[in-house]
Asker: 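Dropping the structure in here first, questions after.
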Amino acid sequence: MNSAFRVFYTTIIPHNFYGLTNYYKNRTLISRRKFQTPSCKFSSNHEKPIERERAYLPPWFSVAPMMDWTDNHFRTLARIISKYAWLYTEMVVAETIVHQKDNLDRFLAFPAEQHPIVLQIGGSNVDNLSKATELATAYSYDEINLNCGCPSGRVAGHGCFGARLMLDPEFVGDAMSAIAASCSVPVSVKCRIGVDDHDSYEELCKFVDTIVSKSPTRHFIIHSRKALLNGISPAANRRIPPLKYEYYFGLLRDFPEVQFTLNGGVNFIDQVNVAMGQGAHGVMVGRAAYNNPWSTLGYVDSAVYGVKSDSLSRRQVLEKYQIYADSVLEKDTPHRPSVRQLVKPLLNMFHSEPGNGLWKREADAALRHCKTVKSFLEETLDALPDSVLDSQLSGDPPKWDGNFDNMETLLPTKYTAGTKDEFKLHACLAMST
């Protein structure tokens with residue numbers, strides 16, 4: 001695991017770097033660290049990786065992996081709007097990668113401009129997770145993430161993976177060890193704070209402790225709700241289980257050697273900064289980034305990273321995306337997307353703006369016959385005022401009216417070293433019987 005990226009995490013970014021509140025208040029002083037790492041002009045296993053200098057800031061802000069949403073097209077749009085946000089793929093099932101060796105580009109290829117990018121995989125077979133990771137290394141992802149948090153029946157109920165894996169931390173530890181051994185980039189876990197009635201803070205800590213003890217995993221993305229696996233939909237799982245941010249902040253206290261990204265219920269860029277001001281290492285945003293990409297992602301570079309933003313207008317974003325989309329349509333490939341698929345990420349670009357309703361109606365009509373994204377935009381953008389198309393984000397992002405100030409009084413009982421040792425002893429006894 002002596003990769004340049006591991007050096008970036010453990011040497012260039014010092015121990016407990018993310019928890020320095022005063023450092024976050026002065027993020028404009030940060031200089032990017034450059035290092036050599038394999039990359040491709042287009043990340044495909046049919047091309048030989050070339051050495052290219054890449055400079056990334058830490059994953060203070062990331063866009064969550066979302067099935068059917070964070071595909072190549074949305075990620076391209078997101079990267080046009082934000083240069084520094086970390087992007088995640090949709091979850092790719094390990095067995096899909098293993099059994100599609102001759103068709104891997106369909107599932108794993110992405111434009112090099114999408115770096116930094118994390119591949120999320122799902123599965124419940126250690127051998128297949130290891131093989132899938134090894135096959136994915138040709139694509140130069142910047143991190144490999146295991147899905148231990150999705151409550152969807154398509155995931156948790158199929159092959160016993162997703163959130164169900166939280167019930168078997170020993171297996172997850174073995175899986176992460178195998179994944180790490182099959183790649184040369186950092187590995188991470190995305191999980192909930194619990195599953196069904198297994199929702200105590202101690203159980204969450206045991207889950208983290210087991211994985212950290214059995215593997216090089218030092219990054220967890222914590223969705224601060226538990227998962228309910230029986231009887232409610234994935235949408236309800238994002239709404240009904242209460243948020244318990246105190247569990248997340250407890251982990252920061254009890255595992256200072258591990259990096260934790262906060263996820264769940266974050267809808268505002270100001271909320272990201274407030275969380276980080278309270279010590280959060282990073283924040284992952286999901287549907288807010290998809291449902292309102294321009295206004296959400298447009299503030300990331302300046303407000304979160306303290307880096308001067310390009311401040312593109314929506315019209316400029318669409319012009320750049322159109323070049324990408326029509327270049328995809330020009331390729332004669334077996335699984336070439338349709339114009340409708342390429343336009344899908346654009347449909348929330350004018351969220352809550354004047355003319356949005358009319359534009360969507362015209363978009364629906366145009367998609368029935370337009371053969372290129374350029375012709376689609378030419379036919380539909382007249383529905384929107386120039387003031388909407390050409391305005392730029394300026395100033396600070398909208399204020400979040402909440403706070404994390406009461407976390408200190410809500411923190412769960414400390415997970416002590418004695419508790420950890422006792423848990424490890426029970427685990428060893430259980431394995432020996």
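None of the values given here were measured: they were computed from a predicted structure. The residues of the chain are indexed from 1 along the displayed sequence.
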Asker: Mind running side chain to side chain contact (heavy atoms under 4.5 Å, CB included) on Phe220 and Cys148 for me, showing each step along the way?
Answerer: CA-CA 10 Å; Phe220 290 78; Cys148 295; over 6 Å; no
Asker: Would you confirm whether the ring centroid of Trp69 sits within less than 6.0 angstrom of the ring centroid of Phe74?
Answerer: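 Ring centres of Trp69 and Phe74 not closer than 6.0 Å.
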Asker: Is Pro293 close to Ile81 at the side-chain level, that is, under 4.5 Å between some pair of heavy atoms?
Answerer: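 A side-chain contact exists here, since the closest heavy-atom pair is under 4.5 Å.
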Asker: Would you find a donor on one side and an acceptor on the other, under 3.5 Å apart, between the side chain of Gln271 and the backbone of Asn267?
Answerer: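 Yes, because the side chain of Gln271 sits within donor-acceptor range (under 3.5 Å) of the backbone of Asn267.
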Asker: With a 6.0 Å cut-off (strictly less than), is the heavy-atom count around CG of Asn406, excluding the residue itself, greater than 12?
Answerer: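 Buried by this count: over 12 neighbours within 6.0 Å.
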Asker: Asn356: what forms a side-chain hydrogen bond (donor to acceptor under 3.5 Å, both in side chains) with it, not counting sequence neighbours?
Answerer: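 Result, side-chain hydrogen bond (donor to acceptor under 3.5 Å, both in side chains) vs Asn356: none returned.
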Asker: Could you check Met407 against Leu410 for side chain to side chain contact (heavy atoms under 4.5 Å, CB included), going step by step and ending with a plain yes or no?
Answerer: CA-CA 5 Å; Met407 285 300 111; Leu410 295 174; 4.0 Å; yes
Asker: Under a 4.5 Å cut-off applied to non-hydrogen side-chain atoms, are Ser224 and Asn263 in contact?
Answerer: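 Counting from C-beta outward, Ser224 and Asn263 never come under 4.5 Å.
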Asker: When rounded to the nearest 0.5 angstrom, what distance separates CD in Gln278 from CG in Asp405?
Answerer: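 If I round to the nearest 0.5 Å, the distance is 5.5 Å.
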Asker: Taking the side chain as every heavy atom from C-beta outward, state whether Thr89 and Pro65 have any pair of such atoms under 4.5 Å apart.
Answerer: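 Not touching, per the 4.5 Å side-chain cut-off.
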Asker: So which atom in Val373 and which in Leu342 form the shortest heavy-atom distance, rounded to 0.1 Å?
Answerer: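 Smallest heavy-atom distance, with atoms named: CG2-CB, 4.1 Å.
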Asker: Would a 4.5 Å heavy-atom cut-off, applied to side chains only, mark Met284 and Tyr88 as touching?
Answerer: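 Answer yes - side chains close enough.
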Asker: Among Glu202, His198, Glu203, whose side-chain hydrogen bond (donor to acceptor under 3.5 Å, both in side chains) with Ser200 holds?
Answerer: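 Of the listed residues Glu202, His198, Glu203, the side-chain hydrogen bond (donor to acceptor under 3.5 Å, both in side chains) partner of Ser200 is Glu203.
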Asker: Decide if atom CD of Gln341 counts as having more than 12 heavy atoms of other residues, nucleotides or ligands within a radius under 6.0 Å.
Answerer: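 Correct, the count exceeds 12.
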Asker: If we count only N and O atoms by modelled type, under 3.5 Å, do the side chains of Tyr324 and His73 hold a donor and an acceptor together?
Answerer: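 Yes, His73 and Tyr324 have a side-chain donor paired with an acceptor closer than 3.5 Å.
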Asker: Do the side chain of Gln322 and the main chain of Leu318 share a donor and acceptor less than 3.5 angstrom apart?
Answerer: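 Checked: no pair found.
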Asker: Do Val172 and Phe207 have side chains that get closer than 4.5 Å, going by heavy atoms?
Answerer: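 A side-chain contact exists here, since the closest heavy-atom pair is under 4.5 Å.
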Asker: Under the rule for side-chain hydrogen bond (donor to acceptor under 3.5 Å, both in side chains), what residues qualify as partners of Gln316, not counting sequence neighbours?
Answerer: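 With neighbours one apart ignored, the set is Ser313.
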Asker: Distance from Phe161 atom CZ to Cys150 atom SG, nearest 0.5 Å?
Answerer: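 Result: 9.0 Å between the selected atoms.
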Asker: Can you name the nearest heavy-atom pair linking Ser311 to Gln392, along with the distance?
Answerer: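 Smallest heavy-atom distance, with atoms named: O-NE2, 2.8 Å.
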Asker: Within a 6.0 Å radius of atom NZ on Lys399, are there more than 12 heavy atoms belonging to other residues, nucleotides or ligands?
Answerer: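 No, the 6.0 Å shell around NZ holds no more than 12 heavy atoms from other groups.
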Asker: To the nearest 0.5 Å, what is the distance between CD1 (Ile144) and CG (Leu119)?
Answerer: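 It is 4.5 Å, given to the nearest 0.5 Å.
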Asker: Are the charged groups of Arg315 and Glu319 less than 4.0 angstrom apart, N to O?
Answerer: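 No.
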Asker: Count the heavy atoms belonging to other residues, nucleotides or ligands that lie under 6.0 Å from NZ of Lys344, then report whether that count exceeds 12.
Answerer: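 Atom NZ in Lys344 is packed in, count exceeds 12.
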Asker: Do Ile221 and His223 touch side chain to side chain, with heavy atoms closer than 4.5 Å?
Answerer: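 Heavy-atom side-chain distance check fails, nothing below 4.5 Å.
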Asker: Within this structure, what is the OG-CE distance for the pair Ser295 and Met349, rounded to the nearest 0.5 Å?
Answerer: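 That separation rounds to 8.5 Å.
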Asker: Of all heavy-atom pairs between Ala175 and Leu146, which one has the smallest distance, and what is that distance?
Answerer: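 Nearest heavy atoms, Ala175 then Leu146: CB-CD2, 4.4 Å.
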Asker: Any side-chain to backbone donor/acceptor pair from Tyr245 onto Phe404? Under 3.5 Å, distance only.
Answerer: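 Side chain of Tyr245 to backbone of Phe404: no pair is present.
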Asker: Report the residue from Arg218, His281, His219 that forms a side-chain hydrogen bond (donor to acceptor under 3.5 Å, both in side chains) with Gln259.
Answerer: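 The single option meeting the side-chain hydrogen bond (donor to acceptor under 3.5 Å, both in side chains) with Gln259 is His281.
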Asker: Mind running side chain to side chain contact (heavy atoms under 4.5 Å, CB included) on Gln120 and Glu90 for me, showing each step along the way?
Answerer: CA-CA 7 Å; Gln120 185 183 70; Glu90 303 172 272; over 6 Å; no
Asker: Return yes if some donor-acceptor pair links the side-chain N/O of Arg314 with the main-chain N/O of Leu389 below 3.5 Å, else return no.
Answerer: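 Flag not set: sc Arg314 to bb Leu389 has no pair under 3.5 Å.
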Asker: Side chains of Tyr299 and Asp396: donor-acceptor distance under 3.5 Å anywhere?
Answerer: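 Distance-only check fails for Tyr299 and Asp396.
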Asker: Grab the two heavy atoms, one from Val98 and one from Ala132, that are nearest each other, plus how far apart they are.
Answerer: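 Shortest heavy-atom contact: CG2-N, 3.9 Å.
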Asker: Just verifying a value: how many Å separate Lys320 NZ and Leu77 CG, rounded to the nearest 0.5 Å?
Answerer: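 Lys320 atom NZ to Leu77 atom CG measures 12.5 Å (nearest 0.5 Å).
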Asker: Just do the side chain to side chain contact (heavy atoms under 4.5 Å, CB included) check on Phe171 and Val126 with the steps written out, would you?
Answerer: CA-CA 8 Å; Phe171 168 82; Val126 172; 3.3 Å; yes
Asker: Can you tell me how far the OG atom of Ser309 sits from the NZ atom of Lys83, to the nearest 0.5 Å?
Answerer: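 Going from OG on Ser309 over to NZ on Lys83, the span is 9.0 Å.
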Asker: Is there a donor-acceptor contact under 3.5 Å from the side chain of Asn125 to the main chain of Asp127?
Answerer: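 Between the backbone of Asp127 and the side chain of Asn125 there is a qualifying donor-acceptor contact (under 3.5 Å).
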Asker: Measure the acute angle between the ring planes of Tyr248 and Phe260, then classify it against the limits of 30° and 60° as parallel, tilted or perpendicular.
Answerer: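 Ring orientation, 0 to 90° scale: perpendicular.
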Asker: Indicate the atoms forming the closest heavy-atom contact of Arg79 with Pro116, along with that distance.
Answerer: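 Minimum heavy-atom contact is NH2-O, 3.3 Å.
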Asker: Could you check whether any side-chain N or O of Asp142 sits under 3.5 Å from a backbone N or O of Ile117, counting only pairs where one atom can act as donor and the other as acceptor?
Answerer: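 Pair found, side chain donor or acceptor close to backbone of Ile117.
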Asker: Under the criterion ring-ring contact (aromatic ring centres under 6.0 Å, His included), which of Trp60, Phe61, Trp86 is the partner of Tyr305?
Answerer: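 Only match with Tyr305 under ring-ring contact (aromatic ring centres under 6.0 Å, His included): Trp60.
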Asker: Within the structure provided, determine whether Ser182 and Thr137 are in side-chain contact (heavy-atom separation under 4.5 Å).
Answerer: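 No, too far: nothing below the 4.5 Å cut-off.
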Asker: For the pair Asp254 (side chain) and Tyr415 (backbone), establish whether a donor and an acceptor sit closer than 3.5 Å, ignoring hydrogens and angles.
Answerer: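 Yes, Asp254 side chain to Tyr415 backbone: donor-acceptor pair under 3.5 Å.
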Asker: Is any side-chain heavy atom of Ile97 closer than 4.5 Å to a side-chain heavy atom of Val92?
Answerer: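 Ile97 vs Val92: side chains touch.
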Asker: Okay, side chain of Thr76, backbone of Asn72: is any donor-acceptor separation there less than 3.5 Å?
Answerer: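 Side chain of Thr76 to backbone of Asn72, a donor-acceptor pair under 3.5 Å: yes, one is there.
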Asker: Taking Asn292's backbone N and O only, do any of them form a donor-acceptor pair with Asn348's side chain (distance below 3.5 Å, no angle check)?
Answerer: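 No: the side chain of Asn348 does not pair with the backbone of Asn292.
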Asker: Using modelled atom types and a 3.5 Å cut-off, is there a donor and acceptor pairing between side-chain atoms of Thr133 and backbone atoms of Leu129?
Answerer: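 Side chain of Thr133 to backbone of Leu129: a pair is present.
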Asker: Parallel, tilted or perpendicular for Tyr141 and Phe110, by the 30°/60° rule?
Answerer: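 If you compare the ring of Tyr141 with that of Phe110, the planes turn out tilted.
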Asker: Looking only at non-hydrogen atoms, find the nearest pair between Ile193 and Met166 and report the distance.
Answerer: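 Shortest heavy-atom contact: C-CE, 4.2 Å.
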